[in-house]
Amino acid sequence: MAERMLTNREVASLLRRIGDILDILGEDRFRVQAYRRAADNIEALGQDLADLWRAGQLQEIPGVGKALAEKLDELLRTGRLGYYERLQAQVPEGVVDMLAIPEVGPRTARLLWQQAGLTSIAEVKAAAEAGKLRQLPGLGAKSEANILAGIEALARRSGRTPLGMAWPLAQELLAALRATAPGLLRAEAAGSLRRWRATIGDLDLLAAAQDSKPVMAAFTALPQVAEVLLSGETKTSVRTHAGLQADLRVLPPDRWGTGLQYFTGSQAHNIALRELALKRGYSLSEWALKRPDGSELLCAEEEAVYSALGLSWIPPELREDRGEIEAADKGTLPELLELRDMRGDLHAHSDWSDGAASIEAMAEAARARGYAYLLISDHSQGLGVARGLTPERLAAQRAEIEQLNRRWSDFRLLHGVEVEIRSDGTLDLPDETLAGLDIVIASVHSGLRQERERMTARVVAAMRNPHVDIIGHPSGRLIGQREESSVDLDEVLKVAAQTGTVLEVNAHPSRLDLDDVHIRRAVEMGIRLAINSDAHNPGGLEVMVYGVATARRGWATAADVVNTRPLDEVMGLFKA
DNA sequence: GCCGTTTTCGGCCCGACTGTTTTCAGTCG
């Protein structure tokens, strides 16, 4: 067995790398796609690939057949893959890296390598600057400039943008477009924004108008636009001053349904849906459902697209080709959780620790949202930077909360704490203190770089403490800033299923932790979730919408989430 | 490479846009 079991992500990235090399070598594109598809599905597992391997169930993963199962077996058994190593010997690493340059695909990378002898992005840049690329067959001065611009964009780009930053930007662009574009009938965000993915590549916007030209003109004239990247009759791409790329597609209103369906994606969902359409006698594109005789079935609404294919409408959050089409076909899609199902928030801070507002202000903000309860869960003593609370200050805080609770008949403050899970796995407050609180969240904030076994043991120890009710932001990731800790979430889920510990879906857009993939696995395992804002000021409660969307991406229903329940049920749940 | 209520062989989504082309290849989503 390998010294250290490879993570799903590491395996997926190796498979993608194989796909890239095969692509550059000019292999059959469906073989290339097979590696990429398998990589996606392994990343979407939510449980350790190694577990499936031990159970002999690798081929149950969609897109993994006999050949890939054999390769995965070798990889998991030995930590190496001979096939990959032989491929690596054929194409220099720097050539594979060139695929990351916008405008450079497999054919161009191969051309740059074999015809010009370039083997790294740096060499391509130097050659472009020296005007040597334009001499290559099929490339001209414009291509050379585009490649150079692509390399610069690559260096500038910091990867995908967190949902919490992209969403407001998209709304701003849409509002500006609605205000200025002549003849605009509808305009909405599509793409990964509409699917509420945790991170966004480009902003995908869709508009309906009889005449696209004035809409395109208004779009490129928006003050947010820094540069027009490409513009055609139905599609325009721009770079905004914020650095994000935004794509606008314009369609006539009677084709809005197929257009929105197409532009929402995901690509994998669209491919699977279009394959199904072919089986059911249609060719599906953004323009229409086309019958074999060439006649078109136009769909002004998205529901009509799915129903024409015999499917129930699929919520955008589920459109990742992870079984949603089969479920829609059988009529077994889950009734997803809605924002309005949320009756309270079980993670909020006040100015007793590192929050910015009084308990009273936080309570009134929660009441204004229509909540029936709010858990005040300030940090514990060990987190010095957050002015964490000692047992004595917690007792004083309890008195204030009891005082405030006399005020309302329709709302209740709950008293809790977000207790530190210390490096050795012990908790930062004594059991007798924890026993006196309504709900205890246990979280890791320090020692995040511990190795996997120790980190996992810490969290598991906390879960086994009978006073701990919820594990806060279980993976510790900060999107775009910090990878998740080394904690073995697979093990955490297994223990949660035993102990009944609730796992948090931290709704802050920089966390979204648990992520969608592990939420889905938790739901399958019957683990209860709490979707919490982790608010540090009254406005912070508003991030709940991101947490709900992430839970929806994990196929969660209201029944899976404890803070959809009324106060008495919640209290009963945590007392037990 | 995978996959199968039309197939175990022969399929594998579909279209927009650009650049370098005289009709199409490459890239992207």
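Each chain gets a letter, A, B and so on, in the order the sequences are listed, and its residues count up from 1.
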Counting only side-chain N and O atoms of [X], is one of them less than 4.0 Å from OP1 or OP2 of [N]?
X	N	answer
A/K66	B/dC3	no
A/T234	B/dC17	yes
A/N270	B/dC14	no
A/S283	B/dC14	yes
A/S143	B/dT18	no
A/Y282	B/dC14	no

Counting side-chain heavy atoms from C-beta on, which of [options] comes nearest to [X]?
X	options	value
A/E275	B/dC17, B/dC12, B/dT20	B/dC12
A/D28	B/dC14, B/dG1, B/dG15	B/dG1
A/L230	B/dT18, B/dG29, B/dG1	B/dT18
A/K142	B/dG29, B/dC14, B/dT20	B/dT20
A/R31	B/dG19, B/dC13, B/dG1	B/dG1
A/L68	B/dT20, B/dG15, B/dG1	B/dG1
A/D202	B/dG29, B/dG19, B/dC2	B/dG29
A/R249	B/dC14, B/dG15, B/dA16	B/dA16
A/P106	B/dT27, B/dC13, B/dG19	B/dT27

Counting N and O atoms only, with roles assigned by atom type, does the side chain of A/R482 sit under 3.5 Å from a partner on the main chain of A/G476, one being a donor and the other an acceptor?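 A pair under 3.5 Å: yes.
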
Decide, yes or no, whether a salt bridge links A/E286 with A/R255 under the criterion of side-chain N to carboxylate O below 4.0 Å. no

Going by modelled atom types, is there a donor-acceptor pair between the base of B/dG15 and the side chain of A/E286 at under 3.5 Å?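 For A/E286, whose side chain was compared with the base of B/dG15, there is no donor-acceptor pair (under 3.5 Å).
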
State, yes or no, whether a side-chain contact exists between A/L25 and A/I21 at a heavy-atom distance under 4.5 Å. yes

Looking at A/Y83, does the NZ or CZ of A/K71 lie under 6.0 angstrom from its six-membered ring centre and within 45 degrees of the ring axis?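 Yes - A/K71 lies over the ring of A/Y83, closer than 6.0 Å to its centre and within 45° of its axis.
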
In terms of ring plane angle, is the pair A/W196 and A/Y546 parallel, tilted or perpendicular, where the classes change at 30° and 60°?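 If you compare the ring of A/W196 with that of A/Y546, the planes turn out perpendicular.
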
